[in-house]
Amino acid sequence: MGVRRATRSEAFFRPAETALIPSLLPADRLPQANGLVSISYRTAAVVGPGLGGVLVVALGSTTLAFAVNAGAFLVSMMFLFGVREPAMKARDAALGSSFLRDVREGLAEVRRHRWVAGTLVAASLLLLLAVAPLTVLLPIIGREEYGTDTVFALSQVCFALGGVGGAL
């Protein structure tokens, strides 16, 4: 629980999700699907930490809160077993895919659109200098200074409420 951050498993999930969605939907439905995915991520980023904080305070234990969170992930995983990707189109199968070609194409797009490079640099600095230290230090400070996880949990509830207020 805490500020939304990339995890090791997310490094595998996000690229697979990004590739899977276009193979499941017709091109005219992709804008709506991408919009829904974006809304769900942003909503989870605001509401999730608050719910996590409420769980920690209500259950009185980070262990129990993590168990509830793990259960939620298991339920999500069960839904993924029902997803069936259609067979690749003949043209796509003939072209194949090359990791190096995909990387070259991605870098070419970044060079073509300078704002993308700026966004990547800014996001990297934000993660490195703000999100990572807060994610690691806030729970430690809460435990060492106050002897409880409740302080960190309440900070996450306030984060969620502030996010909702800002969105409104």
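On a predicted model such as this, the values are computed, not experimentally measured, just so you know.
The backbone N or O of N34 sits nowhere less than 3.5 Å from a side-chain atom of S38 that would complete a donor-acceptor pair.
Judged as a salt bridge (charged side-chain N to carboxylate O under 4.0 Å, His left out), the pairs with a partner in residues 132-157 (not counting sequence neighbours) are, in order, R143-D149.
In this structure, F81 is a member of the same hydrophobic cluster as L74, with clusters built from ILVMFWY side-chain heavy atoms closer than 4.5 Å. By the rule that hydrophobic residues join a cluster once side-chain heavy atoms approach within less than 4.5 Å of another member, L161 and V54 end up as members of one cluster. The same ILVMFWY cluster, assembled from side-chain heavy atoms under 4.5 Å apart, contains both V121 and L129. Residues V157 and V68 fall into different hydrophobic clusters, defined by Ile, Leu, Val, Met, Phe, Trp and Tyr side chains chained together at heavy-atom separations under 4.5 Å. Residue L107 is grouped with residue L100 when hydrophobic side chains (ILVMFWY) are merged at heavy-atom distances under 4.5 angstrom, including chains of intermediate members.
Residues Q32 and L25 form no side-chain contact, since every pair of their non-hydrogen atoms from C-beta on lies 4.5 Å or further apart.
In plain terms, the two heavy atoms of P49 and A44 that are nearest each other are CD-O, 3.7 Å. Heavy-atom minimum distance, V57 versus A153: CG2-CB, 4.0 Å. A19 and P22 make their closest contact through O-CD, 3.4 Å (heavy atoms, listed as atom of the first residue, atom of the second, distance). Scanning all heavy atoms of the two residues, the minimum distance from A65 to V56 falls at CB-CG2, 3.8 Å.
Between the OG1 atom in T135 and the CG atom in L127 there is a gap of 9.0 Å [rounded to 0.5 Å]. Note: H113 NE2 to T119 OG1 = 12.0 Å, rounded to the nearest 0.5 Å.
Applying the side-chain hydrogen bond (donor to acceptor under 3.5 Å, both in side chains) criterion to S23, with sequence neighbours excluded, gives E85. Scanning for side-chain hydrogen bond (donor to acceptor under 3.5 Å, both in side chains) contacts around T150 gives T148, with sequence neighbours left out.
Shown here is M78, whose CE atom has no more than 12 heavy atoms of other residues, nucleotides or ligands within 6.0 Å.
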